[in-house]
Amino acid sequence: MHINIRTFIQQLRQENELIEINAPVDPYLEIPEIHRRVIDEQGPALLFTNVKGSDIPVVTNLFGTIRRVELAFGPKPEVLVQQLVDSIDDLLPPSPSKLWGKRGMIKDVLKIGTRAVKPSKAPVMEHYTTDVNMKKLPALTGWHLDSNPFITLPLVYTEHPGKHEHNLGMYRIEIKEEKKTGIHWQIHKGGGFHHYEAEQMNQKLPVTLFLGGPPALTISAIAPLPEAVPELMFTSMLMGDKLNLTHAPGYPHPLIAEAEFAFGGYVPPHVREPEGPFGDHYGYYSWAHDFPVFEVGRMWKRKDAIYPATVVGKPRQEDYFIGEYLQRLMSPLFPVVMNGVKQLWTYAETGFHALAGAVVRESYYKEGLAHALRIMGEGQLTLTKFLMVTNKDVDLQDFSQLLEAVLERFLPERDLLILNDTSMDTLDYTGRKFNTGSKAVMTGLGEPVRELGRTYDGGTIPGIHDVQLYCGGCICLSGPSFEDDPDFAEKLLETAARQLSDWQLVFLVDDASIAASQSQFLWTTFTRFDPAFDLYAKHEVDRNKLKYSGPIIIDARMKPFYPETVETRPDINELVTKRWKEYF
C-alpha cells in the first residue's frame, strides 16, 4: 500500500476524501476546532496550506472515518492475519502439499521486513541541520488550558540499551524550548521501559522522533503489540511490502526513509520537568506532572515537508477510528494468545482502558474467571479498569448486548471481584492518587438466572428527579450533584433498596438522559468512577470473602477533584463559526 503520507494524500484527493484549506489559519486553537467540527460531520481529511507562523502545511484527520482507514490499508492486512491464525493447525506438522496450498500467504509473509536505502535516495535526508528550532513547527494547541503546543502524531523510536530491541511508540511531545521538549513516557509503554533500563545504568537514552512516513507507522506505534513483536515488522506487514530504512553516518538509529521529519537526540537520566496540562483522549485535561525531557540535537526533513497532526478530546475523535481498526485487525489473535478467550473488545467511548468486554469459554464452573484474569495480565490490557465477561456469544461492539448477557447471569455474591490499590492508566484521574486506583471484574457465566427488568415502576425515590433505562437490568438515576451531597450513593442503598431491588446495575449520574446513547453512556459512566471508591453494594464478610448483594450502585457523577472536561473556548467557537464559509 502507501509508502508515505503523500501517496495516501493523493489517493484521498482522487477519492474526494480531502479538502485543501488555503485561508490563513492559526495552529493555536483554530485548526483544532475546525478539525473537531469536521470529525463530528464525518467529513474529509484537511490539508491546511496557509498556517500562521510557519511555511509548513499541516494535514489532519487522515484516519477520521472507517472508509479512510480502509483506504489507507485495504483488506489485505486483515486477511493475512486471519490466514496466519487459520494456518497454525493446518501447517502442524508441515508437508509439501500443505505448504503449496499456503503459497500465497507464504509469499506475503516473505515480503515482511526492512530494506536498506542509500541516503541519497532517502527523501528524509534532503535537508539536514543541527540548528534545530522545534518552535518553528506548526504544532497544534488543541485546548486553551494546554501548557504549550504539542506534537500529537509523534513516532518515537528507541532501542533497549542492552538488547538493542526496538520500540516505536506514540508518546505526546510538549514543545518547551527550541531544542527541548517534554516526552510523556507512560508507565506501561515500551519507550518507558527502555528509559528505565538506561537510567539504571546512569546512561542517556538515544531517541529519534519521526513525523510522517507510511500511514502504517502510525497504526504500529499505537498498536498494543506484545513486547517481543517489533513495530517496524508490524508496519511492513500492514504495508504489504518491506519498509525503507536509511542510515546517517555516526547516528545510532536507522531513519525511516519516507518520513517527513526525523529529530535526533536523547533523553537524559534522572531529569524530570513538569509536563502538561493537556486535553486528552478521555475528554478531560490531564494535569501537570513531572516527566522526562527530550534534548534535540539534529533534524532531517524533506525539503517540502508536510506536518501531520491530530486532535484528541471527548470521544469520538480520530483516534476512535484508528482504535476500532486495530481491534478488528488483531481480534483473530486473541484466541491464539489467550486460549479460551473467543472475543475481546475495549471501548473507545471510554478511552479504551476504562472498559473491556470479553466472550470466553465456560466448560467448567468459573472457568471464565480464569480467562478474565488472563486478560487483565496481558500487555496493555493490564490497565483495564473494568472488565465484563460472559460465555454467551454477543456482538461486543453493541455494549448493551454484552451487559444484558452478563446481568442475566450475574450473582453479586459470586460474580463481582474488586482489586484494590493497583496501577492505573496515567491519564485516568478517577483514582485518588496519580497512577494508582482499582480494578473490577464482573462475570456473567453459565445459564441465565433471571429475566431482566425493562420498565421502572418503583415509584418516586427521594432526591432522584429522573430515571432512565439504559438496557435490561440497568438504569440511570440523576439527583443531587456530588458537591451538594457526596454521600448520596451510599444513602441510596438504604433509602431505595426495595425500589431498586429488581435492577442489577444502577448508575448515579448528573444527567440520566445519557442512557439514550451508547457513546454518551459509556463516556459518562466508565470514565467517572473508581471501583474501590465509587461502587456501592450491601455486603457481608464471610471469613476472608466479601459477599455482595444487589443492587450494585455506581456513583458516576462528576466529582470536584476530577480534571476539567475539555470545552472549546467561546471566542474560538465564535471565530470558527464566523469564518466557516471562508475555509471551505
Side-chain angles (χ1 to χ4, degrees), residues 355 386 388 390 399-418 430 438 440-444 447-518 520-542 546-559:
L355 176 66
F386 203 94
M388 290 189 175
T390 185
F399 179 69
S400 63
Q401 285 192 36
L402 168 65
L403 186 53
E404 288 189 0
V406 169
L407 295 182
E408 283 174 343
R409 296 159 174 79
F410 175 68
L411 296 174
E413 68 274 15
R414 181 191 71 183
D415 297 328
L416 179 62
L417 174 65
I418 297 176
T430 56
S438 65
V441 177
M442 178 181 281
T443 60
E447 296 300 318
V449 298
R450 67 175 62 84
E451 290 188 10
L452 301 177
R454 297 182 182 277
T455 303
Y456 176 78
D457 54 11
T460 301
I461 300 173
I464 294 297
H465 54 71
D466 194 12
V467 179
Q468 296 284 337
L469 174 76
Y470 175 66
C471 68
C474 176
I475 55 173
C476 293
L477 310 180
S478 52
S481 69
F482 186 89
E483 288 181 293
D484 289 341
D485 194 343
D487 299 321
F488 186 78
E490 188 169 11
K491 296 172 186 175
L492 204 56
L493 275 179
E494 302 299 329
T495 61
R498 181 183 58 80
Q499 292 164 288
L500 297 175
S501 60
D502 291 335
W503 301 92
Q504 285 66 56
L505 194 56
V506 177
F507 285 93
L508 179 61
V509 295
D510 294 305
D511 180 0
S513 69
I514 56 105
S517 157
Q518 173 170 305
Q520 282 295 309
F521 174 79
L522 290 179
W523 179 71
T524 300
T525 53
F526 287 95
T527 64
R528 293 187 186 175
F529 94 102
D530 175 13
F533 280 88
D534 301 321
L535 187 150
Y536 295 85
K538 290 188 175 182
H539 58 273
E540 61 182 52
V541 180
D542 181 5
L546 272 179
K547 298 178 71 173
Y548 301 99
S549 58
I552 306 297
I553 297 176
I554 291 176
D555 186 352
R557 294 175 293 174
M558 191 67 176
K559 301 173 177 69

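Smallest separation of non-hydrogen atoms from Val509 and Cys476: CG2-CB, 4.2 Å. Closest approach of Pro551 to Val506, counting heavy atoms only: CB-CG2, 4.3 Å. Closest approach of Cys474 and Phe521 over heavy atoms only: SG-CZ, 4.2 Å. When all heavy atoms are compared, the tightest approach of Ile552 to Pro412 is CD1-CB, 4.1 Å. Summarising the geometry of Phe488 relative to Pro462, their closest heavy-atom pair is CZ-O, 3.6 Å, with the distance given to 0.1 Å. Closest non-hydrogen pair, Gly444 versus Thr390, comes out as O-OG1, 2.9 Å.
For the atom pair NZ (Lys559) and OG1 (Thr430), the distance works out to 8.5 Å, reported to the nearest 0.5 Å. For the atom pair CG (Leu477) and CG (Asp510), the distance works out to 12.0 Å, reported to the nearest 0.5 Å. One distance of note links CZ of Arg414 with CZ of Arg409; it measures 10.5 Å at 0.5 Å rounding. Here the CG atom belonging to Leu469 is positioned 7.0 Å from the OG1 atom belonging to Thr455, to the nearest 0.5 angstrom. Considering CG of Asp502 and CG of Asp457, their distance stands at 7.5 Å, rounded to 0.5 Å. Taking CD of Glu413 as the start and CG of Asp415 as the end, the distance is 7.5 Å to the nearest 0.5 Å.
Annotation: side chain of Glu408 is not in contact with side chain of Glu447 (no heavy-atom distance under 4.5 Å). The shortest distance between side-chain heavy atoms of Leu452 and Gln504 falls below 4.5 Å. For the pair Leu546 and Val541, the minimum side-chain heavy-atom distance is below 4.5 Å. Counting heavy atoms from C-beta on, the side chains of Val449 and Phe410 never come closer than 4.5 Å.
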side-chain contact (heavy atoms from CB on, under 4.5 Å) assessment of Leu416 paired with Leu535: CA-CA 11 Å; Leu416 179 62; Leu535 187 150; 4.0 Å; yes
Leu411 vs Arg450, side-chain contact (heavy atoms from CB on, under 4.5 Å): CA-CA, chis, key distance, verdict: CA-CA 10 Å; Leu411 296 174; Arg450 67 175 62 84; 3.9 Å; yes
Determine whether Leu492 and Ile461 satisfy the following criterion, side-chain contact (heavy atoms from CB on, under 4.5 Å), listing intermediate values before the conclusion. CA-CA 9 Å; Leu492 204 56; Ile461 300 173; 3.8 Å; yes
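Side chain of Glu404 to main chain of Gly472: a donor-acceptor pair is present (N/O by atom type, distance under 3.5 Å, no hydrogens or angles). At distances below 3.5 Å, not a single donor-acceptor pair connects side-chain atoms of Arg557 with backbone N or O atoms of Glu483.
A centroid separation of 6.0 Å or more is found between the aromatic rings of Tyr470 and Phe507.
Counting non-hydrogen atoms of neighbouring residues, nucleotides and ligands closer than 6.0 angstrom, the CD atom of Glu540 exceeds 12 such neighbours.
Screening residues 522-537 for side chain to side chain donor-acceptor pair (under 3.5 Å) gives Tyr284-Thr527, Tyr284-Arg528, Arg432-Asp534, Ser438-Asp530 as the qualifying pairs, with residues at least two apart or on separate chains.
One side chain, Ser513 or Asp511, offers a donor N or O that lies under 3.5 Å from an acceptor on the other.
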